[in-house]
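Scroll down for the structure; my scribbles are underneath it.
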Amino acid sequence: MPYDADARPGLTASRRALLAGALFAGASVVAAPKLAWGQARRHAARIEALIAEMTIEEKAGQLNLLNDPFRFRPQSVNPTDGEGDPARVSQLIREGKLGNLFNGVGAEGGREIQDIAVKESRLKIPLLFAADIIHGLVTVFPVPLGEAAAWDADLAYRTARAAAVEGCASAIHQTYAPMVDIGRDQRWGRVVEGAGEDVHLGNILAIARTRGFQGERGLDHPQAMLATPKHFAAYGAAEAGLDYNTTDMSDVTLRGVYLPPFKAAFDAGALSTMSAFNDVNGVPATGNEYLLTDILRGEWGFEGFVVSDYTSEQELIAHGFAADGRDAARLSLLAGVDMSMVSGLYLEHIPDLVASGDVPLAVVDRAVRRVLSVKAALGLFDDPYRGTSVARERREVGSREHYALAREAGRKSCVLLKNDGDLLPLPKAGTRIALIGPFGDSLDVFGPWTIWGDESKRVSLEAGFREAMRDPSLLTVSKGSDVEAPIEGGVAAAVAAAQAADVVVLAIGESAAMSAEAKSRVDIGIPQPQLDLAEAVAAVGKPVVVLLRNGRGMELSGAVKDAQAILVTWFLGSEMGRSVADVVFGDHGPTGRLPVSFPHRSGQSPYYYSRKTTGRPATAPNQEYKTQFRETPNEALYPFGHGLTYGRVTYGAPNAGAGTLAWDGALEVSVEVSNAGARPASEVVQLYVRDKVASLTQPGRRLIDFKRVEIPAGGAETVRFTIRREQLQFMGADRQWTVEPGEFDLWIAPSGQGGQSTTFRLTR
Ligand code: BGC
């Protein structure tokens, strides 16, 4: 099969139209592709006939999902990985008691397993193969939070498309992605999997990633992979950023902040979702009828299926919500969870739950219908062996184009926080560089959510630097410290390396093992041994560039904070070293912007730019009886949206045009942005508003639009935005999107903090 044009670089006009526009809070996105359902409609009668013929055990089997014990999985990601017994699982498939497998990949194995279902089971219903393909399969792209820093929907679309091409070629039909949880508390390790703290950016990337995974040619296209926006819902609001913890929030916040990216992904065509681990306002998400039925089905008309998160229906017992396994299966089924992940509770209890009348047969049939309809939509009834060609797998997985895309995505995800004296970019020749820190030669580049990445293709910073430098012998590498523990003699060796160099590049931060699931931190700073290393090396007096490796917004302090240049590099995937070298040596000017704020101190968490002002906003540090901590201003050190270029960009005062937005009209606003530097700048110009008086208190400001502009050295651009009423909507007390006439503050600024403002009025 030829390489899918959708996965190639370059933005077609139609795709630009699909990804752009109509992203007002709460508004449906541009006409959703109904392509997704294609084949399901054609198979509707067959599905009804199957349901009529199935035994209750076979129905439970279609709602049962277990680990794939057959196929390749180099790394464990879940507590019971690797415990499956292939003989038992084969037997369950044969008996029609298992309809779905996850986290095994491979074309050849896929054919063999599918054979059991299609040739040996009574009803010959094909298996659904799912996997956690979060940011690439064999070719690994930047972690989702890192890629969010590119503020680039087209890039997110293309990496998701490439991941889908690889997954589909390895006999995977469904991915457990995109993760669309809003992440406002950097202590929460799973911030790394999402798009950051902002609703608008989150909506845009939810749409881009969903469309990227599913493609635009119908779900039955051989390169379309079912998207599963997760974790439904409010998982990102776990108290204290502690994973799995309780969430408790108003309906206004739930609907106005945490739900919109899900709605955006469903409107973009996603046909499955995953119920979250946490409880929400006292009801576990996996037993939450309000979320899974009233909102998801009733209000939004979602027709796909809901899968529980890993044993989350069983966890209703530990939550103290269900009495035992039977009760847990009953509650989650009745709430609207169609498929059970791993626990086996549905298979075990559905027959009895139906026989006793505790669960109506119609509820089970409805869940089975949803699962079979999605299987049909994926084309599995027409070709159960989709994705099982070994030749195609060899051709499409880990292709040269995908590695080129990984490098591009990596360099576009870097964010330059600081660049005093234009220390960056470094010259490629004539400068002695000491690359110091635990990440200099480290191959910890994939990030925490990769299972099948090709480890032999990982590019370290050292390798990337050597490739870029004209005389690689001018590079010395000294580890100095491990990530969380000192190394005997490490600091002394690093200091010696710094003394012999012209510039120090300090590669420090977090290991992949410090973020993602169950990796919450109380302190979002850099581990002490690395801070000690940074102090010692900085004391040598050479210019210092910090390359930060991180899966979250972090607290920066001491010599790290004071370094002349700081570049945020996340976990950039397979090509990390080359991507970073592209930026450090200036082949690519930095273009990224923070998708999460970096607070001054961990104790400010949860910190996000769009917080409420309160009745006592602080206007300066150390004011008495104002909303701030004793030790730090109530601001970010580096706010959401921040990111420098190699140019020198300045903003003029925003111009609110006519100053009045008529109810059904449009208001053009603008700003002049100039680049006084000697290098071109790729600037992300951001439009923020504040509703000054509203019936519910509103954020101090919130992003409603942004544009990337290229400004040549010495050049200037007038950047224009059009504001319409829909962009000013907020979730009202009556649970409806609401707009109220009145005055609004407006910023056209380089970040979510500071900048000049003006005002305009919305009139009715
Ligand atoms: C995670 C999900 C993931 C699932 C399957 C769970 O622990 O919360 O995000 O999709 O495991 O691996």
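As the structure is a prediction and not an experimental result, all values here were calculated from the model. Just follow the structure's listing: the first ligand is 1, and inside any ligand the first atom is 1.
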Evaluate the ring planes of F102 and Y310, with Trp represented by its six-membered ring, and classify them as parallel (under 30°), tilted (30 to 60°) or perpendicular (over 60°).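 The rings of F102 and Y310 stand perpendicular, inter-plane angle above 60°.
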List for me each residue that meets salt bridge (Lys or Arg N to Asp or Glu O under 4.0 Å) alongside D220, sequence neighbours excluded, and say none if there are none.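 Testing D220 for salt bridge (Lys or Arg N to Asp or Glu O under 4.0 Å), a comparison that skips the adjacent residues, returns none.
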Looking at V180 and A206, what are the two nearest heavy atoms and their distance?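 Taking every non-hydrogen atom into account, CG1-CB, 3.7 Å.
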Collect the protein residues that have a non-hydrogen atom under 4.0 Å from ligand 1 and hand them over in chain and number order.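 N78, F102, N103, D132, Y176, R190, K230, H231, M274, F277, D309, Y310, M341, W449, E517.
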Quick one about T311 and E315 (side-chain donor to acceptor, distance below 3.5 Å, no hydrogens or angles considered), yes or no?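 The criterion, which ignores hydrogens and geometry beyond distance, is satisfied for T311 and E315.
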Under 3.5 Å side-chain donor-acceptor pair for E166 and H402: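 E166 vs H402: donor-acceptor pair found between side chains.
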Please report whether the ring centroid of F640 lies less than 6.0 Å from that of Y608. no
